[in-house]
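Here the structure is laid out as structure tokens; the discussion comes afterwards.
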Amino acid sequence: MKPIPPRLEVARSALSLCLPWPPSVNAYWRPFPVRGGRVVMTLTKDARMYRSLVHEAIRKQLGSARLVPYTTPVRLDQEFRAPDRRRRDLDNFQKGLWDALTHAGVWADDSLVDEFSGRRGRVIKGGAVIVLIAALDREPE
């Protein structure tokens, strides 16, 4: 019988990930009417698929390491590498990315992001987002 390798934990100081290109926030939620004339916003099929793709990408990149969610403030650096040269507002892609990172268990909640930066990277086939998440040396206020 093969010995079971020990599970590693990812260092909490910093985490670098290459993730799929996110859907625009304009295509992330859709209105859904409910009883009493109310409308609630629900995730689109594309948004649910993106969440799954992010979760899968993170698991592949971590290998056998166990992801321990950040529970203290973090800094997030993002490089958006679009799939083509069309003009895009980068802020339309950030919320879906953060939502997917929360859903994948990278952090307890995206409210822990105290500092963030984003930049446009080179165009690559299929698109991608490179993220670097680093713990900040302070507790939440």
Review point. Between R88 and A82, what is the shortest heavy-atom contact and its length?
Key: NH1-CB, 3.7 Å
Practice item. Please report the shortest heavy-atom distance between R75 and S117, naming the atom on each side. Key: NH2-OG, 3.5 Å
Exercise for review: Indicate the ring-plane relationship of F116 and W98, choosing parallel, tilted or perpendicular according to the 30° and 60° boundaries.
Suggested key: perpendicular
Review point. So, are K95 and D110 salt-bridged, with charged N and O less than 4.0 Å apart?
Key: yes
Review point. With side chains defined as the heavy atoms from C-beta onward, is the minimum distance between L17 and L15 less than 4.5 Å?
Key: yes
Point to revise | Partner of D114 under side chain to side chain contact (heavy atoms under 4.5 Å, CB included), chosen from V74, T72, L136 | key: L136
Check your understanding: Are side-chain heavy atoms of R81 and R122 found at a separation under 4.5 Å?
Key -> yes
Practice item. Assess the side chains of Y28 and D46: does a donor N or O sit below 3.5 Å from an acceptor N or O? Key: no
Check your understanding: With ring centroids as reference points, do W21 and Y50 lie under 6.0 angstrom apart?
Key -> no
Check your understanding: Closest approach of A108 and P69, non-hydrogen atoms and distance?
Key -> N-CB, 4.1 Å
Point to revise | Least distance between heavy atoms, L67 atom then G105 atom | key: CD2-O, 3.6 Å
Point to revise | Residue pair P83 / V123, side-chain heavy-atom distance below 4.5 Å | key: no
Practice item. Could you give me the CA-CA distance, side-chain angles and deciding distance for R119 and D77, then say whether salt bridge (Lys or Arg N to Asp or Glu O under 4.0 Å) is met? Key: CA-CA 8 Å; R119 69 191 152 282; D77 292 310; 5.0 Å; no
Point to revise | Smallest separation among heavy atoms of L97 and P22, with atom names | key: N-CB, 4.4 Å
